[in-house]
Protein chains: 2
Amino acid sequence: MMTFWRHGYEATTTRMLEEATGVGIRGLFNAFGNKEKLFHTVLARYFDTVHAQLAQVFAMPGRDAIDAVFAGFSAPDPPDAISHAGCLMVNTVFELERTDETVRAQVAAYRALWKTSFADALARDGISDADTRAEFLVGALWGALGQIKLAGDKAAAVPMAEVIRSTVRTW
Amino acid sequence: MMTFWRHGYEATTTRMLEEATGVGIRGLFNAFGNKEKLFHTVLARYFDTVHAQLAQVFAMPGRDAIDAVFAGFSAPDPPDAISHAGCLMVNTVFELERTDETVRAQVAAYRALWKTSFADALARDGISDADTRAEFLVGALWGALGQIKLAGDKAAAVPMAEVIRSTVRTW
DNA sequence: TTTGTTTTGCAACGCTTGATGTAAAATTGG
DNA sequence: CCAATTTTACATCAAGCGTTGCAAAACAAA
């Protein structure tokens with residue numbers, strides 16, 4: 001997962017996966033069939049990881065949860081994070097969405113996870129137009145991840161995140 | 001430019017460029033040196049195109065100009081547009097930023113073009129905190145382009161654009 | 001241990017990629 | 001019209017890719 005995250009799908013060679021996993025190319029193909037299916041498994045794992053994290057964050061009251069998400073850009077990276085690699089799913093959209101339908105569906109599900117999390121949080125706080133505003137928040141979040149990708153630094157998304165937070169507060 | 005736009009850098013083969021230009025692979029290499037330099041020329045051309053368009057749009061009063069940018073998502077595509085290909089520069093960030101420094105610089109310049117356009121427009125209207133808010137607008141714009149990439153349809157970015165426009169209006 | 005199955009190591013395959021060498025064809029300049 | 005230069009066409013190169021065959025090694029079951 002880390003290797004695909006860092007380098008993307010195409011740029012990750014089977015030789016790199018050998019080294020990263022220490023498994024040997026023959027073992028990987030026996031276990032997963034081919035590179036594509038292995039990547040699908042990677043995306044599923046990524047989804048589950050974030051899903052678990054979101055469940056924790058959005059257990060907070062709606063406004064606090066949303067605030068916490070964007071406050072995360074100001075916080076230092078945890079030690080095991082891949083700095084400036086952005087989000088694996090967002091990266092994947094730009095690389096594979098056009099060619100791979102399975103991946104497209106997986107990314108869409110991931111996006112839906114975020115959107116409903118936001119929408120539920122807003123609705124819980126009695127915010128009107130929760131659906132449209134959740135759509136905005138997802139887009140803004142993904143835009144912030146684009147900043148990180150370009151600048152190569154998580155801090156680059158901080159100004160944007162601040163405006164988003166104050167916008168949410170006015171709601 | 002269209003071919004790189006549609007398929008990205010890596011997925012665009014020299015054979016595809018042959019067919020798209022009708023020039024013959026040897027001619028392309030004689031003229032541009034290699035695929036990388038050809039792509040740099042493509043990005044420069046894209047930059048110039050958008051630069052000229054922005055000069056027109058931002059000749060309007062600040063608030064109208066910004067509104068027009070995001071209103072563009074609701075408008076039908078011009079006939080020669082590549083629907084759901086998003087923005088060549090944004091796409092490129094996610095594909096090449098990590099490996100190619102020249103491209104990285106070109107995309108950064110493109111992003112700066114948008115940011116100063118927004119910041120100038122806001123400042124012209126006497127909006128406070130123009131710089132931070134311009135940063136937000138660029139990020140939000142790029143996020144909207146991500147929506148397009150994922151959904152495969154320009155209309156997918158409309159709800160988000162609407163929230164952005166109303167946010168700008170409250171400023 | 002013995003038998004049957006799974007996993008590993010190694011080499012190699014077929015294919016596609018970006019890029020060239022070479023010589024004919026087209027263009028240019030006087 | 002002719003000589004000098006540029007552009008084309010065609011075959012081809014070396015390198016890297018995902019993937020597989022095969023046999024040895026490791027493991028599991030009894």
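Residue numbering restarts at 1 for every chain, and letters A, B, ... go by the order of the sequence lines.
- Rounding to the nearest 0.5 Å gives a distance of 8.0 Å between CG of Leu141(A) and SG of Cys87(A).
- In this structure, the side chain of Glu95(A) engages the main chain of Tyr9(A) through a donor-acceptor pair within 3.5 Å.
- Looking at Lys154(B), its side chain does come within 3.5 Å of a backbone N or O of Ala75(B) through a donor-acceptor pair.
- A 4.5 Å side-chain heavy-atom check between Phe39(A) and Leu96(A) finds at least one atom pair inside the cut-off.
- Glu18(A) places a side-chain N or O within donor-acceptor distance of the main-chain N or O of Ile25(A), the cut-off being under 3.5 Å.
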Under 3.5 Å, which donor-acceptor pairs do the side chains of residues 114-123 of chain B form with other protein atoms, sequence neighbours left out?
from, atom 1, to, atom 2, distance (Å)
Trp114(B), NE1, Tyr110(B), OH, 3.1
Lys115(B), NZ, Asp131(B), OD2, 3.2
Lys115(B), NZ, Glu135(B), OE1, 3.1
Thr116(B), OG1, Ala112(B), O, 3.1
Thr116(B), OG1, Leu113(B), O, 3.2
Ser117(B), OG, Leu113(B), O, 2.7

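- Every residue meeting the side-chain contact (heavy atoms from CB on, under 4.5 Å) condition with Asn30(B), not counting sequence neighbours, appears here in chain and number order: Arg26(B).
- Looking at residues 11-23 of chain B, you'll see Arg15(B) sit with a heavy atom under 4.0 Å from some atom of DNA chain D.
- Each of Asn34(A) and Ile25(B) has a nearest nucleotide on DNA chain D; the 5'-most of these lies closest to Ile25(B).
- The shortest distance between side-chain heavy atoms of Met1(B) and Leu88(B) falls below 4.5 Å.
- The span of DNA chain D lying next to chain B, judged by atoms under 4.0 Å from heavy atoms, is bounded 5' to 3' by dT8(D) to dT12(D).
- Sorted by first and then second residue, the side chain to side chain donor-acceptor pair (under 3.5 Å) pairs with a member in residues 31-56 of chain A read His40(A)-Asp100(A); sequence neighbours excluded.
- Between Glu162(A) and Arg165(A) there is a salt bridge, since at least one side-chain N of the basic residue sits less than 4.0 Å from a carboxylate O of the acidic one.
- For DNA chain C, the contact window with chain B, defined by any atom under 4.0 Å from a protein heavy atom, covers dT17(C) to dT22(C) in 5' to 3' order.
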